[in-house]
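Comments concern the structure below.
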Amino acid sequence: MNKVESGLSILGFGCMRLPVTKDGNIDENQATDMLRYAIDHGVNYVDTAYPYHNGESEPFVGRALQGEYRKRVNLATKLPSWLIKSRADMDCYLDEQLKRLQTDHIDFYLVHGLMKPFWENLSTLGVTDFLDSAIADGRIKYAGFSFHDELALFKEIVDAYDWTFCQIQYNFMDEQHQAGTEGLRYAADHGLGIVIMEPLRGGMLTRDIPSINNIWKKAPVRRSLPEWALRWVWNHPEVTVVLSGMSSFEQVKQNVGYAKSGLPNSLSQEELSLFKEVEVEYNKRIKIPCTGCRYCMPCPSNVSIPECFEMYNQGCMFEAPDAASLQYDFALSGFLTGSPGFASQCQECGECEEKCPQGIPIREYLKKVAAYFGK
Ligand SMILES: NC(=O)c1ccc[n+]([C@@H]2O[C@H](COP(=O)([O-])OP(=O)(O)OC[C@H]3O[C@@H](n4cnc5c(N)ncnc54)[C@H](OP(=O)(O)O)[C@@H]3O)[C@@H](O)[C@H]2O)c1
C-alpha cells in the first residue's frame with residue numbers, strides 16, 4: 001500500500017522554470033496567473049526548492065499562494081543538501097523556508113538532490129533524526145528525498161529510513177538512467193509515493209525533429225510531443241505525481257488538459273512500440289560514443305569529461321542546444337562539487353585518451369564541446 005494518501009493530482013506544478021522578465025527575474029504577474037489557473041483546474045501539488053530562480057522561487061510561491069490557495073495545495077520544498085554543515089543548519093533552513101513560504105508547515109519536505117557525498121554527510125549529521133523531529137513538531141507532514149545518482153545508492157537510501165515518498169527523474173529516454181525503471185519499481189514495492197521530475201527531459205523531448213515526427217504520424221491518434229511524453233510517464237501505475245516545470249500560460253493550459261486522460265495502463269501496445277522506435281531514432285543522433293564508464297577520470301585539469309560528452313550528445317540528440325546549454329552551465333559550474341568541469345579547461349595532456357576503452361579522441365571532441373557551448 002502506498003504511504004502517500006491518494007488525492008494528489010497526477011500533474012504537479014514545478015516552480016523551477018517559471019516565466020522570467022528580460023532582467024531574469026520571475027515574471028510575477030504571469031507566474032501567479034499560471035499557478036492559480038493550474039490550481040483552479042485541479043492541480044494540488046506545488047514543488048519548489050531553496051535555490052530555484054536564485055532563491056526567489058520560494059518567496060514567490062509564498063506570495064502567490066496567499067489566502068485560500070495555500071489551503072488548496074500540498075506544498076513541497078527541499079532541504080538544500082549541499083549547504084548543510086551541521087545538524088543545526090537543517091532546522092535553520094527549514095525555519096527560513098517556512099518564513100519564505102509564509103506557511104506554518106510544509107506538506108512534502110524533501111532532502112534535495114541526493115548524491116553519494118551529500119547522503120554520507122547528511123547521514124552522519126543526523127538527517128533522519130531531524131526529519132523525525134520536524135514531523136513530530138508539525139513543521140513537516142511527510143518526508144522524502146529527491147535523487148540524482150546511481151541505482152545502487154537509490155536502493156540504499158530507500159532502505160535507510162521510513163520515507164513517505166521520493167522524487168526521481170523519469171521519462172521514456174531515462175529508463176536506465178539514475179533510479180530508472182528498476183528504481184521506480186523498487187520504491188513502489190517499498191510503499192513509497194513517487195513524484196517524477198523532468199518528464200520532458202527539461203523540455204528536450206518537445207523539439208520538432210522531422211524523423212521523430214514521422215514516427216508519431218504512424219500512431220492511431222494525433223498527440224503533441226509533450227502529450228506523448230507525459231502520457232508515457234502517467235502510464236506507469238507506480239507514479240503518484242508528475243511534475244512539469246511549465247514556463248508559459250499556454251503550456252499550463254495544455255498540460256492541465258493532457259492530465260485529464262493521463263491514466264495508468266492507458267497506452268496500447270502499438271503506441272508503446274512507437275516509443276521504442278522514437279528512442280532508437282534519438283539514439284542514432286548521438287555524436288560521441290562515450291559509454292560513461294569514467295575510466296578517463298580524474299582529469300588533471302578537472303574537466304568532467306563524461307558529463308561534457310553527455311550534455312553535448314543531448315543537445316545533438318534532441319536538437320535542443322539551449323536546454324543542453326542550461327544543463328551544461330548548471331551541472332559543470334561546480335555549484336554542487338565545488339570545482340568547475342567545463343570542456344574549455346582541457347590542457348590537451350592526453351592522459352584520458354590512454355585510458356579510454358572506446359578509443360575516443362577525447363581532446364578533439366572536447367574542443368567541439370567547448371565550441372558548441374561557448375566554454
Ligand atoms: N529535486 C530535484 O533535484 C529537481 C531537479 C529538476 C527538477 N525538479 C522539479 O521538477 C520539476 C519538473 O522538472 P522540469 O521542469 O525539468 O520538467 P520538464 O517537464 O521535463 O521540463 C519543463 C520544460 O518542458 C517544456 N514544456 C513543458 N510543457 C510543455 C508543453 N505543453 N509544450 C511544450 N513544451 C513544454 C518547457 O520548456 P521550454 O521552456 O524550453 O519550452 C518547460 O520549461 C521542476 O520544475 C522542479 O520543480 C527537481
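Counting convention: from 1, in listed order, for ligands and their atoms alike. Numbers here are sequence positions counted from 1. As the structure is a computational prediction, the values presented were derived from the model and not from experiment.
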**Asked** Does the pair Glu175/Lys276 count as a salt bridge with the N-to-O cut at 4.0 Å?
**Response** yes
**Prompt:** So, Tyr161 versus Asp132: side-chain donor-acceptor pair below 3.5 Å or not?
**Reply:** yes
**Asked** Taking atom types as modelled, is there a side-chain donor on Glu281 or Ser211 under 3.5 Å from an acceptor on the other?
**Response** yes
**Request:** Would you kindly say whether Glu58 and Thr77 are connected by a side-chain donor-acceptor distance under 3.5 Å?
**Result:** yes
**Request:** Taking the side chain as every heavy atom from C-beta outward, state whether Lys368 and Glu364 have any atom pair closer than 4.5 Å.
**Result:** no
**Criterion side-chain hydrogen bond (donor to acceptor under 3.5 Å, both in side chains) on Tyr282 and Asn313, from CA distance to verdict** = CA-CA 10 Å; Tyr282 275 134; Asn313 277 335; over 6 Å; no
**Complete:** Pocket residues around ligand 1 (non-hydrogen, under 4.0 Å) come out as Gly14, Cys15, Met16, Arg17, Asp47, Tyr52, Lys78, His112, Ser146, His148, Gln167, Met197, Glu198, Pro199, Leu200, Arg201, Gly202, Gly203, Thr206, Arg207, Pro226, Leu243, Ser244, Gly245, Ser247, Gln251, Gln254, Asn255
